[in-house]
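Just so you know, ligand 1 is whichever comes first in the structure, and atom 1 is the first atom listed for that ligand.
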Amino acid sequence: MLSQKMADRINLQINREIYSAYLYLAMAAKMNELGYTGIGKWLTVQYHEEMFHAMKFVGYLQDQSAVVTFARIEAPEFKEKDVKPLFQHVLSHEQAVSASIREIMDLAIAEKDYATQTFVQWYINEQVEEEKSAAEILQSIDLVGNAGQGLFLLNTELGKRDPSVPLDFNKI
Ligand code: OFO
């Protein structure tokens, strides 16, 4: 059984994960609008990953007979229209999410909540991957350049990201 404090904190995290999904969906729309459809696809896959992160927390609360609460999701905020600053935003967003996940682990340790410690370890590991992906893309941009053919190639590469769900809803 979870403490109310832990249930509240996980519900907050569910909101944050859905905000992440919403942010990446908005970024994907902007990149598609600008013609970077490969980057748009990468970000759309990321949207689905974030929804999975949220749903995994929902499942955990329900497994622990805790109540899932739904708060308002803020409108996604980003101004970047250029690829490099956009991925700098992705990286700093993921660093903030990692800090947020660590807070849950800190609370679980303080409460001697061993089940949540084990559960949230998955997110700790996942955040290493999330930060790594964004950092690697930024490194690639520095190598190929944030314009012209280099960016075209990067756009093609990122468009190869394997979607875990169908992305072309018109064909379903
Ligand atoms: Fe849910 O990891 Fe990104 O935000």
Side-chain angles (χ1 to χ4, degrees), residues 2 6-32 36 38-64 66 68-109 113 115-141 154-155 157-167:
L2 297 179
M6 180 59 82
D8 291 346
R9 186 58 186 78
I10 291 178
N11 273 307
L12 173 63
Q13 193 62 35
I14 290 170
N15 187 277
R16 288 181 176 169
E17 297 292 341
I18 297 176
Y19 174 81
S20 295
Y22 209 20
L23 175 66
Y24 293 137
L25 188 61
M27 287 178 169
K30 177 54 70 185
M31 288 293 109
N32 285 334
Y36 293 115
I39 294 171
K41 181 179 166 195
W42 190 95
L43 289 159
T44 304
V45 175
Q46 194 59 32
Y47 156 83
H48 287 289
E49 279 214 2
E50 298 302 345
M51 289 306 292
F52 171 73
H53 295 167
M55 289 306 297
K56 194 170 163 70
F57 274 122
V58 168
Y60 181 66
L61 285 183
Q62 292 187 322
D63 285 349
Q64 291 271 26
V68 183
T69 56
F70 295 90
R72 175 192 160 123
I73 310 292
E74 293 299 322
E77 264 198 45
F78 73 99
K79 295 183 208 72
E80 298 83 358
K81 290 194 175 81
D82 213 12
V83 175
K84 184 174 176 182
L86 185 105
F87 276 101
Q88 281 167 334
H89 187 149
V90 170
L91 179 58
S92 64
H93 179 73
E94 287 305 328
Q95 286 165 340
V97 172
S98 299
S100 182
I101 293 287
R102 284 195 297 274
E103 282 177 14
I104 303 177
M105 183 61 101
D106 288 344
L107 180 60
I109 291 168
D113 176 347
T116 302
Q117 287 176 38
T118 303
F119 176 75
V120 91
Q121 185 62 50
W122 182 89
Y123 288 88
I124 300 271
N125 299 342
E126 177 69 2
Q127 282 311 120
V128 173
E129 287 304 309
E130 297 278 81
E131 288 187 35
K132 181 175 162 230
S133 305
E136 280 178 352
I137 292 170
L138 281 168
Q139 201 174 27
S140 299
I141 294 170
L154 183 74
N155 178 59
E157 273 310 302
L158 293 184
K160 292 179 188 162
R161 186 174 184 185
D162 201 15
S164 45
V165 293
L167 297 183

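Side-chain contact annotation: Tyr123 with Gln127, donor-acceptor N/O pair under 3.5 Å absent.
With sequence neighbours left out, the side-chain contact (heavy atoms from CB on, under 4.5 Å) criterion links Lys84 to Gln88, Leu138, Ile141, Asp142, Asn146. Listed by chain and number, the residues in a ring-ring contact (aromatic ring centres under 6.0 Å, His included) with Tyr24 are His93 (sequence neighbours excluded). For Tyr22, there are no ring-ring contact (aromatic ring centres under 6.0 Å, His included) partners at least two apart in sequence or on another chain.
Protein N/O/S atoms closer than 2.8 Å to atom 3 (Fe) of ligand 1, listed by chain and residue number, are Glu50 OE2, Glu94 OE1, Glu94 OE2, Glu130 OE2.
The closest side-chain heavy-atom distance from Leu23 to His89 is below 4.5 Å.
Note on Arg161 versus Glu49: salt bridge recorded, some NZ/NE/NH1/NH2 to OD/OE distance being below 4.0 Å.
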